[in-house]
Amino acid sequence: MTGDYTMRLALTLLAAASLLSPCAHAALPLERSVAQAYPQLEALFHKLVKERDGITMDGQAALKSKDRFLPGKIATGLADLLVHVQSVNPADPRLPGMLRDYADLADLTIGMDNETWGIYYYIGALHRLKEAGLLGRAVRPATLARLRDRLDWRTFVTQPGFELVNLPTNYYGVAFSIARLRMLMGWEDAGASAVLLDRMLKHYAAYSGEYGFSDETDGQGRFDRYSILLAAEICERFIETGMTVTPELKALLRKSADVALNSATADGTGFTMGRSLGPYGETAMLEILSTAAYLGVLSPEEKEYAYAYSARIAERYMTFWYDSGIGSVDLWNKGRRTDAYRGKHRILGENFSLLHQLIATNELWNRAEMKGVTPRQDLAAWFERTRPKFSLTRFARGEYDRALAIWRDKGHVFSLSLINGGQGQHANSPYYPLPFAHNVVAGVADSGHAHPQLLPKFTLADGSELIATAFMKDIRSSARGAGHVVTYRQDELTRLGKNLPQKDGRIRVETEYALQSGAITRTDRYIPTAPLDVSQVSLEFASFSTGATVDGNTVRFKNGAVRAFEVSSLASCAVQPAGDNPAYRAPYGSMHSVVRCSSGAFSLREPLVVSWTIRYQ
């Protein structure tokens, strides 16, 4: 299967076409792109059987990665392959040997750490094998008995209190799914899954507030792609375990689908804000839209175009994210950068989890009566015609506001994400209040605050470093001519250097984003509460454009989407190549130019207005 000439030729032609333009060719039906997952799974299967615990991938000792979900990911990915092989030909002569090899790998990994999501993946694999009539041959009785003990939600939920053990609230969904699958396996009754379902829905309501999008923290105000995905994920758990999705969940899913469609692009790229992006920013779109289509949440027209977008995402995975040279998805090479959570040591598990997402969402599209359908080719025109040019989705409102403004212009989709709060991520640029757009403005995973993308940084005489990130209030939007304006204020800046954002009230700021066709302008009015000695104000912009020339505080670019970057109120600007510096790598590739602007020491006594404009084509 892995040496199939036709498949290799198709991949070669698709890759060549994608270099010309992401939409230069007719998209394949979703099912045909996802069919390429099975040769990849089979190659990984053979590699595991041959190399066992000595397996290496792109220089990584893949089974010694300390990936606490890996046994479950292996089990679910290879179960997808076994079920597929049987469905194509129950008499396939390879199947008996593959089942024996699966059993050997289950024995090999039974002693490895396997937690939370890994437990869910593993028990889901066992349930699929059972439903396909393969379980008895795929897992030996003694191993299955050990798995029954180990694949348990009680390993991370207290008893009798049903409290999560040092985990975010979304793990109630993981625990519920495991309990429900244990019930379907005949390993326990329905009592625990009912309690966990109640806890999951109550916690979702508590931390999603009036707007229906889940806070990633216990109310500290951090949102990202997972906040939008979670409603779909809960619905998936209902579908997977044979439960009826409630009208309330469908209403939440509709909100997520609106954000997904408003954020979608015709080239198959996905969410651009928050951490753990790369292909996961795209498969999140797949999960939301396939679930919405299956549950009848989309209109017939939306369903057709959501399917066309999904087909682009799957095709992009096969032609951009998958690297046949290393036999793996690639989140780490070619100038790409991901966060430590998805570090290269997890290379094997990332293949299995992403391929499983592609296969599972394709199955939902098939069940939504889109199996083998040729995608609509006017996707870009449909987005232009039907999606709002500007939208503001609120996530939270109260002491601090959180929202996502989306601006569609010249084929770009800008996600102005006002989502930053809580521990751990507040100083990293994927959470900054910036207008992220593919190949225009990007964050850098685990960036820290040494090079704060597009946010003026105040270095005070006492050594404090302040930027405006986390304490947003009074978010408003209004039309201005053919464009829109978004405004908000912060009564404190963030003092950097701690895991939690620290309030520093010595400077407050009023911010305006002006969104006009071909130009985005951010204007900050910094107001000191008392005279303040400042050592430096600095500003950086890491850009994908090249061929820069500098004229005062205006930088013009010869090549790329960004044509000019203009700054006011800082003393000077300079530009240099980003080179191979990992500080300037987006999830999908390197930035090319770094603009640095700064002013020297001064006493801040009156309001200081700092403004920048990005002009793009």
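Between D401 and Y488, the closest side-chain pair of non-hydrogen atoms is not below 4.5 Å. Taking the side chain as every heavy atom from C-beta outward, N351 and M57 approach each other to under 4.5 Å. Side-chain contact between T521 and S611: present, with at least one pair of heavy atoms (C-beta onward) separated by less than 4.5 Å. Residues L434 and L455 are in side-chain contact: their nearest non-hydrogen atoms beyond the backbone lie under 4.5 Å apart. Residues I239 and L295 are in side-chain contact: their nearest non-hydrogen atoms beyond the backbone lie under 4.5 Å apart. Between V594 and H451 there is no side-chain heavy-atom pair separated by less than 4.5 Å. Looking only at side-chain heavy atoms (C-beta outward), Y317 and L355 come within less than 4.5 Å of each other. By the 4.5 Å heavy-atom criterion applied to side chains, M591 and S543 are not counted as neighbours.
The structure places CD of Q40 at 9.0 Å from OG of S324, a figure rounded to the nearest 0.5 Å. The line from CD of Q425 to OH of Y431 is 4.5 Å long, rounded to the nearest 0.5 Å. We find the CG-CH2 distance between L416 and W407 to be 12.0 Å, quoted to the nearest 0.5 Å. Rounded to the nearest 0.5 angstrom, W332 CH2 and E350 CD are separated by 5.5 Å. The line from OG of S328 to CG of L44 is 7.5 Å long, rounded to the nearest 0.5 Å. Within the model, atoms OG1 of T361 and CG of L286 stand 4.5 Å from one another, a figure rounded to the nearest 0.5 Å.
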Side chain to side chain contact (heavy atoms under 4.5 Å, CB included) assessment of L252 paired with L249: CA-CA 5 Å; L252 292 172; L249 282 174; 4.3 Å; yes
Steps toward salt bridge (charged side-chain N to carboxylate O under 4.0 Å, His left out) verdict (R402, D215): CA-CA 10 Å; R402 301 289 185 258; D215 191 337; over 6 Å; no
Residues Y120, R237; criterion side-chain hydrogen bond (donor to acceptor under 3.5 Å, both in side chains); working and verdict: CA-CA 11 Å; Y120 162 72; R237 301 294 85 84; 2.9 Å; yes
CA sep, side-chain torsions, deciding dist, call: T283, Q357, side-chain hydrogen bond (donor to acceptor under 3.5 Å, both in side chains): CA-CA 7 Å; T283 57; Q357 287 183 31; 2.6 Å; yes
Full working for side chain to side chain contact (heavy atoms under 4.5 Å, CB included) between M318 and L358: CA-CA 11 Å; M318 297 302 170; L358 289 169; 4.0 Å; yes
Chi angles and distances behind the side chain to side chain contact (heavy atoms under 4.5 Å, CB included) call for I614, F541: CA-CA 10 Å; I614 292 174; F541 173 40; 4.0 Å; yes
Side chain to side chain contact (heavy atoms under 4.5 Å, CB included) between E566 and W612, worked out: CA-CA 5 Å; E566 303 163 6; W612 55 252; over 6 Å; no
Derivation and outcome, salt bridge (charged side-chain N to carboxylate O under 4.0 Å, His left out), residues R312 and D267: CA-CA 6 Å; R312 288 284 182 193; D267 61 3; over 6 Å; no
Derivation and outcome, salt bridge (charged side-chain N to carboxylate O under 4.0 Å, His left out), residues D524 and R522: CA-CA 7 Å; D524 289 314; R522 174 182 170 125; 2.8 Å; yes
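Judged by distance alone, with hydrogens and angles left aside, the side-chain atoms of D330 form no donor-acceptor pair with the main-chain N or O of D323 at under 3.5 Å. When atom types are taken as modelled, the side chain of R408 and the backbone of A264 share a donor-acceptor pair closer than 3.5 angstrom.
Applying the side-chain hydrogen bond (donor to acceptor under 3.5 Å, both in side chains) test to pairs two or more places apart or on separate chains, none has a residue in residues 411-421. Pairs of residues two or more places apart, or lying in two chains, that qualify as side-chain hydrogen bond (donor to acceptor under 3.5 Å, both in side chains) and include a residue from residues 291-302 are R254-E302, Y294-R367, S299-E302, E301-W382. Residue pairs satisfying the ring-ring contact (aromatic ring centres under 6.0 Å, His included) criterion with at least one member in residues 349-374, sequence neighbours excluded, are listed as follows: Y307-W365.
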Anything under 3.5 Å between a donor and an acceptor, one on a side chain of residues 479-487, the other on a protein residue two or more places apart or in another chain? List them.
from : atom 1 : to   : atom 2 : distance (Å)
R480 : NH1    : E512 : OE2    : 3.4
R480 : NH2    : E512 : OE1    : 3.1

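Not counting sequence neighbours, C235 has no partner by the disulfide bond (SG atoms under 2.5 Å apart) test. Scanning for salt bridge (Lys or Arg N to Asp or Glu O under 4.0 Å) contacts around K344 gives D58, with sequence neighbours left out.
A donor-acceptor contact under 3.5 angstrom links the side chains of D378 and Y305, judged on distance only.
Between F213 and F395, the two ring planes are tilted [angle within 30° to 60°]. Relative ring orientation between W117 and Y121 is described as tilted, the plane-to-plane angle lying within the 30° to 60° band.
The shortest non-hydrogen separation linking P279 to V329 is CG-CG2, 4.5 Å. Scanning all heavy atoms of the two residues, the minimum distance from L539 to P456 falls at CD1-N, 3.7 Å.
Geometrically, R336 engages F320 in a cation-pi contact defined by less than 6.0 Å to the ring centre and at most 45° from the axis. Figure legend: R275 and Y226 shown without cation-pi pairing, the cationic atom not lying both under 6.0 angstrom from the six-membered ring centre and within 45 degrees of its axis.
Y616 has its ring centre less than 6.0 Å from the ring centre of F414.
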